Amino acid sequence: MTSKNADQKKLLQALAGEKTEIPALWLMRQAGRHLKEYMEIRAKAKNFLDFCYTPDLSVEATLQPVRRYGFDAAILFSDILVIPDALGQHVEFVPGTGPKLEAISTVEELGKLKPDRLHDHLAPVYEAIGRIREELTHLPGETTLIGFAGAPWTVATYVVEGGGSKDYQKTRKWAYGAPEEFGALINILVDATSEYLIRQIDSGVEAVQIFDSWAGVLSPGQFDRWVIEPTKKIIGRIREAHPNTPIIGFPRGAGLLYQRFVQETDVDGVSIDATVPLAWAAENLQNHCAVQGNLDNLALLTGGPAMEAEIAHILAAFSDGPFIFNLGHGILPETPVPHVERLAELVRGASIG
Ligand code: CP3
């Protein structure tokens, strides 16, 4: 594997706390259904998890948005639910409905989760990472490969509810009612997620992002216990094995608690959702770490002057510190490609030096 000089890569510069002349740009969920080339290869797999575990397909899906848009980062193509799947919980993606899992909601049922099979099950992901790094050396530009995992709280909501949900009542009730039992599930996920991310880095990812998509439904006390504490443990373990690999946290919807999150977890970057006021984030987050965000994915989908005005505000607000341009949440499947092209043009035209 040829390794490019890390200091030349914009995304890594920002995560090292440096202001870059032009912000690094990538988009959460950049691979996937908004690209017709994704739909073509998606049709080749019998289901979504098979797609994730077939390196020929996952390598290609990872590279597609980088080839098309020349983004500064590739994000490993996979899903946060490969962890419960690898632990032995039955996970299925039902087309048009979303993920469906055989719910685990008692301490006895936790015995169904088998950590010993984790790495064997995830071996195709590790293989894909090595191949992506190799492929990236043949593309123009300095593209950073980002690995990822779901945070324990968010993954636990799927494990307990058996799929997506509006307000995660079952999970939140278990967490309040029997914190020791629920904590046992969180600990299993902390262990598996730490090992998974360490292996991703061993295999070649250059930064990792921890997606806590449902962090925003928790009260401050519960946020400390189920978002901050598990994230701190994972970060501690990653840093023991790989002290120089930057870590981005994404406690989506955390509001004022984003500040506590960056102070307590000591992340290198924080991804913020589109509801976070820009000046507040520049003042209270960007002095601790790189800020990543936060264009509304619906502004991108809509395009036009409204999108352009939002982009200009974001670029201006974060121009004094380390910044990575991204969305506030994943790109939506209906997003037109020309809107993404226009976004890339505007971000690249911005000089914040
Ligand atoms: O960013 C990327 O391009 C890498 C790929 C990626 C996927 N999922 C691919 C995917 C990433 C980083 C994820 C993370 C993920 N998965 C999260 C956290 C981020 C977020 O958006 O909040 C969550 C909550 C999931 C769980 C998940 N996966 C759901 C709820 C769904 C169904 C809804 C949907 O978007 O389709 C998925 C399926 C999924 N994951 C698809 C893709 C491309 C679509 C499946 C398909 O192609 O049939």
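Each ligand, and each atom within it, is numbered from 1 in the order the structure gives. Hydrogens, waters and symmetry mates play no part in the numbers below; they use all other heavy atoms, side chains included. The shown structure was predicted, so the numbers you read here are calculated from the model rather than taken from an experiment.
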Check: Is Ser213 close to ligand 1, meaning an N/O of one under 3.5 Å from an N/O of the other?
Finding: yes
Notebook entry, point to check: Considering residues, nucleotides and ligands other than Lys170, do more than 12 of their heavy atoms fall under 6.0 Å from its NZ?
Noted result: yes
Next item on the list: For atom CD of Glu341, decide whether the heavy atoms of other residues, nucleotides or ligands shown that lie under 6.0 angstrom number more than 12.
Entry: yes
Checklist line | Option nearest atom 47 (O) of ligand 1 (shortest heavy-atom distance, choices Trp26, Phe51, Tyr38) | finding: Tyr38
Note to self: Quick check on contacts: which atoms of ligand 1 are under 4.0 angstrom from a heavy atom of His329?
What the structure shows: 20 (C), 21 (O), 22 (O)
Notebook entry, point to check: Going by distance only, is there an N or O of Arg33 that falls short of 3.5 Å from an N or O of ligand 1?
Noted result: yes
Note to self: What I want to find out is whether Arg239 reaches Asp266 closely enough, with some N-O distance under 4.0 Å, to be called a salt bridge.
What the structure shows: yes
Check: Any N/O of Leu27 closer than 3.5 Å to an N/O of ligand 1?
Finding: no
Next item on the list: From the options Phe250, Phe93, Phe77, select the one whose nearest heavy atom is closest to atom 38 (C) of ligand 1.
Entry: Phe93
Check: Given Met28, Arg29, Arg252, Gln30, which has its nearest heavy atom closest to atom 35 (O) of ligand 1?
Finding: Arg29
Next item on the list: Can you measure from CD (Glu92) to CG (Asp85) and round to the nearest 0.5 angstrom?
Entry: 10.5 Å
Notebook entry, point to check: Does Asp72 have any side-chain hydrogen bond (donor to acceptor under 3.5 Å, both in side chains) partners at least two apart in sequence or in another chain, and if so, which?
Noted result: none
